[in-house]
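One structure follows; several queries about it will come next.
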Amino acid sequence: MKRPLTLIAKARGSPVRAYLSASALPETRRRTPEWGGAALSRNPLAAGTRAGAAPPWLAVQAALMSLVDSRVRSDWWDSPSSLFLQFDEPIDSKVCRHLIRRYTGQGKHLHSVFVFVQMQRVGVRPDSFTFAPVLKSVARLCLREMGRSVHAYAAKANFDGDVYVGTSLVNFYGGCLLIGDAHQVFDEMGERNSVSWNALITGYTHNRKFAEALDLFREMQADGVEPTEVTMVGVLSACAHLGALSLGKWIHEYIDCHGLSLNEFLGTSLVDMYAKCGAVMEMEKAFVAMRIKNVYTWNALISGFAMNGRGEAALQAFSRMMMENLKPDGVTFLGILCACCHEGLVDEGKRYFRIMKDEFGLCPGIEHYGCMVDLLGQAGLFSEALHLVQNMDLKPDPIIWRTLLGACRTHRNVPLGRYAARKLLELEPTNADNYVLLSNIYAQDSMWDEIAQLRAMMNQKALAKVAGCSSIEIGNAVYEFIASDCLKPEVHDLLDDIRKELKQVGYAANTGLALYDIEEEEKESSVAFHSEKIALAFGLIRSPPGSTLRIVKNLRVCQDCHVFFKLVSLVYKRGISLRDRNQFHHFAGGSCSCRDHW
DNA sequence: CTAGGGTTAG
């Protein structure tokens with residue numbers, strides 16, 4: 001139960017600690033308590049009790065506030081338990097509903113859930129309007145069992161036929177990574193509208209089931225339900241993750257033709273979709289076309305440039321953003337540091353890392369340190385990198401150590417590599433990638449005994465590597481290939497032919513790292529049939545001559561494939577864009593946009 | 001009075 005909580009919290013950008021307790025209700029970490037200990041006059045709810053125009057929800061609020069005043073408890077709002085412990089009067093369900101709405105609206109999700117629970121305790125019956133906000137809070141906290149019992153309660157009270165309640169339930173299950181349950185609730189809903197469809201589709205994208213999200217989008221249309229802006233945000237996000245450029249372009253046209261409003265959400269999704277499909281020009285056009293932009297939009301643009309190897313454009317975008325007086329946030333600097341990293345701009349990176357704290361008062365997160373470690377490590381500045389890791393005010397996570405280990409491989413630094421690997425395996429002993437990475441370092445220096453030891457450790461733990469998988473979009477279809485896949489003879493032969501041809505311009509297979517790979521399957525297929533090469537060969541056969549080949553890979557590209565792709569772009573005069581796990585490689589005329597730095 | 005949305009290291 002703990003793990004999915006972290007996952008969803010990370011996905012939603014609000015780290016939480018979820019422990020239900022009556023005495024202490026910890027809140028989302030980033031939020032400073034607004035009402036805690038403060039004078040009651042600072043309570044926004046108290047506004048209505050002052051003289052002047054009264055807001056519409058005044059009646060209930062005023063009643064609440066006078067109750068509060070009579071009890072003289074200024075911390076009342078921060079500890080809703082006092083509502084139930086101290087008041088002799090029977091608690092009204094309207095009061096509870098408002099309380100829950102306010103708490104959820106303020107991001108005080110545990111308070112909201114707590115009030116709901118207390119309502120059951122003292123026998124106050126919620127109405128159908130109470131379920132939506134409490135389910136939102138339950139979803140945010142990823143309290144799965146709690147959500148299930150809320151669901152059961154709603155069913156018992158016959159509220160589950162309500163579209164609002166049903167849609168909230170779909171959203172809850174989807175948000176807690178229980179997409180099967182979300183779909184089931186959706187199927188059983190008596191009444192559905194576009195909002196319910198949207199909840200289900202975004203649920204699928206949250207659960208990283210992108211292809212299924214697109215299927216649902218088709219189903220929705222077949223059902224005669226018009227997509228809305230929110231639908232398109234979800235669908236574009238799925239396109240972005242899949243690298244499905246042609247569908248993304250189709251959505252863009254649909255938006256224009258059907259007069260969907262290009263608001264911040266939709267515009268940002270478009271920018272991000274083009275960025276993640278490697279279509280930098282279209283990304284810029286989509287960005288320029290937007291009327292209203294906010295920090296999300298700029299962040300999508302900046303990281304879009306960064307991941308496409310356009311570091312200088314990312315930095316320029318940042319200065320334009322400054323000129324428009326927009327306040328950058330942590331994500332902005334993540335994009336910037338990432339850009340510096342890909343460009344190898346060590347001093348620039350250090351400068352931005354400094355000004356993010358000094359000028360903008362932003363506290364660097366582990367991700368920012370991760371970028372810095374990568375930046376320093378890839379530049380070969382090992383003592384600085386290590387110093388940063390050992391002196392940062394956050395506990396280094398596995399990614400930090402793996403980044404350092406990766407830099408050690410690039411620069412063949414065995415001693416530091418051993419150290420980083422030891423730290424890494426302490427934290428993450430069951431991740432096969434870690435062993436492979438260290439084994440690659442040993443392989444470079446022909447340290448066979450160490451490699452044998454690693455192999456034994458892996459066998460003992462029965463660790464398996466993630467299979468390499470590449471996809472290529474041709475026309476309106478996406479084709480997927482797995483390394484060591486059964487090859488079509490035509491593709492196999494073509495790969496042979498290509499290899500022969502490339503050898504004439506100086507290609508020599510770089511199998512060094514793969515030969516000592518630990519996975520049996522990998523050894524058999526070796527680098528010659530890495531999934532991206534198969535996709536490339538397939539693309540050369542099937543796509544119209546001269547068109548750009550777009551390939552998406554789930555892992556990072558290996559040295560050999562990188563050289564291979566560069567030469568194919570030269571010899572066959574084809575533009576190729578390869579999306580890595582990390583970034584884009586745009587190949588043309590024998591060179592790559594990453595300048596061999598990745 | 002209620003439901004659905006965008007950016008994020010390695």
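The model shown is predicted, which means the values in this text are computed figures rather than measured ones. Numbers restart at 1 for each chain; the letters A, B, ... are given by sequence-line order, proteins then strands.
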Pairing residues for A/Arg351 by the salt bridge (charged side-chain N to carboxylate O under 4.0 Å, His left out) criterion, not counting sequence neighbours: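 A/Arg351 satisfies salt bridge (charged side-chain N to carboxylate O under 4.0 Å, His left out) with A/Glu348 only.
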Are A/His252 and A/Tyr274 an aromatic pair by the rule of ring centers under 6.0 Å?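 So the answer is yes for these two rings.
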Residues in side-chain hydrogen bond (donor to acceptor under 3.5 Å, both in side chains) contact with A/Asp393, at least two apart in sequence or another chain: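 Residues passing side-chain hydrogen bond (donor to acceptor under 3.5 Å, both in side chains) with A/Asp393: A/Tyr369.
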For the base of B/dG10, is there a side-chain donor-acceptor partner from A/Asp374 under 3.5 Å away?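 Result: no qualifying N/O pair found.
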Contacts of type salt bridge (charged side-chain N to carboxylate O under 4.0 Å, His left out), residue A/Glu282, not counting sequence neighbours: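 Here the qualifying residues are A/Lys249.
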Choosing from B/dT8, B/dT7, B/dG10, which nucleotide comes nearest the side chain of A/Ile399?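 For the A/Ile399 side chain, the nearest candidate turns out to be B/dG10.
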No-hydrogen, no-angle side-chain donor-acceptor test under 3.5 Å, A/Asp329 and A/Thr332: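 Yes.
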Just to be sure I understand the geometry, which residues of residues 154-167 of chain A put a non-hydrogen atom under 4.0 Å away from DNA chain B?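 Result for residues 154-167 of chain A: A/Val163, A/Tyr164, A/Thr167, sorted by number.
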With a non-hydrogen cut-off below 4.0 angstrom, is A/Lys293 in contact with a base, only sugar-phosphate, or nothing?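 No contact at all - A/Lys293 keeps every heavy atom at 4.0 Å or more from the nucleic acid.
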Check whether the side chain of A/Thr268 and the base of B/dG6 form a donor-acceptor pair under 3.5 Å.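 Check passes, donor-acceptor contact within cut-off.
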Select one nucleotide: of B/dT7, B/dC1, B/dT8, the one nearest the side-chain heavy atoms of A/Ala300.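 The nucleotide sitting nearest to the side chain is B/dT7.
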Quick one: which of A/Phe287, A/Phe305, A/Phe318 gives a ring-ring contact (aromatic ring centres under 6.0 Å, His included) with A/Trp298?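 The ring-ring contact (aromatic ring centres under 6.0 Å, His included) with A/Trp298 is passed solely by A/Phe287 among A/Phe287, A/Phe305, A/Phe318.
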Rounded off to whole Å, could you give me the CG-to-C1' distance for the A/Leu216 and B/dG5 pair?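 In whole Å, B/dG5 C1' lies 16 Å from A/Leu216 CG.
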Rounded to whole angstrom units, what separation is found between the NZ atom of A/Lys136 and the P atom of B/dC1?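 Result: 16 Å.
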Nearest-neighbour nucleotide for the A/Thr202 side chain, B/dT8, B/dG5, B/dG10 considered: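 The nucleotide sitting nearest to the side chain is B/dG5.
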Hey, does A/Arg97 reach any base, or is it just sugar-phosphate, or nothing, if we go heavy atoms under 4.0 Å?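 The residue A/Arg97 makes base contact.
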Let's see if you can work this out: which of B/dT7, B/dC1, B/dG6 has an atom nearest to the side-chain heavy atoms of A/Thr297?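 Nearest listed nucleotide: B/dG6.
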Side chain to side chain contact (heavy atoms under 4.5 Å, CB included) with A/Asn431: which residues, sequence neighbours excluded?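 Here the qualifying residues are A/Arg402, A/Glu428, A/Asp433, A/Asn434.
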In whole Å, I'd like the distance from the OH atom of A/Tyr173 to the C1' atom of B/dA3.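 Value for this atom pair: 16 Å.
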Any pair with a residue in residues 162-185 of chain A that passes salt bridge (charged side-chain N to carboxylate O under 4.0 Å, His left out), sequence neighbours left out, goes on the list, sorted by first then second residue, please.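 Residue pairs with at least one partner in residues 162-185 of chain A: A/Arg148-A/Asp181.
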Round to a whole Å and report the spacing from CD1 of A/Ile255 to P of B/dG5.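 Nearest whole value for this atom pair: 17 Å.
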What's the NE2-P distance between A/His597 and B/dG10, to the nearest Å?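 So the NE2-P distance, A/His597 to B/dG10, works out to 10 Å.
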Let me know the distance between CZ of A/Phe333 and P of B/dA9, rounded to the nearest Å.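 That distance rounds to 16 Å.
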Stacking between A/Phe265 and the base of B/dG6 (centre distance under 5.5 Å, interplanar angle under 30°)?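 It does not: the two rings, one from A/Phe265 and one from B/dG6, miss the stacking criterion.
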Residues two or more places apart in sequence or in another chain: which of them pass side chain to side chain contact (heavy atoms under 4.5 Å, CB included) with A/Arg125?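 Testing A/Arg125 for side chain to side chain contact (heavy atoms under 4.5 Å, CB included), a comparison that skips the adjacent residues, returns none.
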With heavy atoms under 4.0 Å as the rule, sort A/Asn193 into base, sugar-phosphate or nothing.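 A/Asn193: base contact, heavy atoms under 4.0 Å.
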Would you indicate which nucleotide in B/dA9, B/dT8, B/dT2 comes nearest to any side-chain atom of A/Ala132?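 Nearest listed nucleotide: B/dT2.
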Given B/dA9, B/dT8, B/dA3, identify the nucleotide with an atom nearest to the side chain of A/Met307.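 Nearest listed nucleotide: B/dT8.
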Using a distance-only criterion (donor-acceptor N/O pair, under 3.5 Å, no hydrogens), is the base of B/dG6 paired with the side chain of A/Asn263?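 No.
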Can you list, by residue number, the residues of residues 229-240 of chain A that have a non-hydrogen atom closer than 4.0 angstrom to DNA chain B?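 Contacts with DNA chain B under 4.0 Å: A/Glu229, A/Val230, A/Val233.
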Parallel, tilted or perpendicular: which one describes the rings of A/Phe210 and A/His241, with boundaries at 30° and 60°?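 Ring orientation of A/Phe210 relative to A/His241: parallel.
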Rounding to a whole Å, what distance do you find between A/Phe172:CZ and B/dT2:P?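 Taking atom P of B/dT2 as the reference, CZ of A/Phe172 is at 22 Å.
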Can you figure out which of B/dG6, B/dA3, B/dT2 approaches the side chain of A/Arg101 most closely?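 For A/Arg101, the side-chain atoms sit closest to B/dT2.
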Who pairs with A/Ser593 by side chain to side chain contact (heavy atoms under 4.5 Å, CB included), at least two apart in sequence or on another chain?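 Partners of A/Ser593 by the side chain to side chain contact (heavy atoms under 4.5 Å, CB included) criterion, ordered by chain and then number, come out as A/His586.
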Mind checking if A/Thr228 touches a base, just sugar-phosphate, or nothing, with heavy atoms under 4.0 Å?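 It contacts base atoms.
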Identify whether a stacking contact exists between A/Phe129 and B/dC1, where the ring centres must be under 5.5 Å apart and the planes under 30° apart.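 Yes; centroid distance and tilt both under limits.
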Base, sugar-phosphate alone, or nothing: which one does A/Asp272 contact when heavy atoms must sit under 4.0 Å apart?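 The residue A/Asp272 makes sugar-phosphate contact but no base contact.
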Atom pair distance, as rounded to whole Å: OH in A/Tyr103 and P in B/dT2: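 Rounding to the nearest Å, OH of A/Tyr103 and P of B/dT2 are 20 Å apart.
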Is A/Asp397 touching bases, backbone alone, or none of the nucleic acid, heavy atoms closer than 4.0 Å?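 Base, at least one base atom sits under 4.0 Å.
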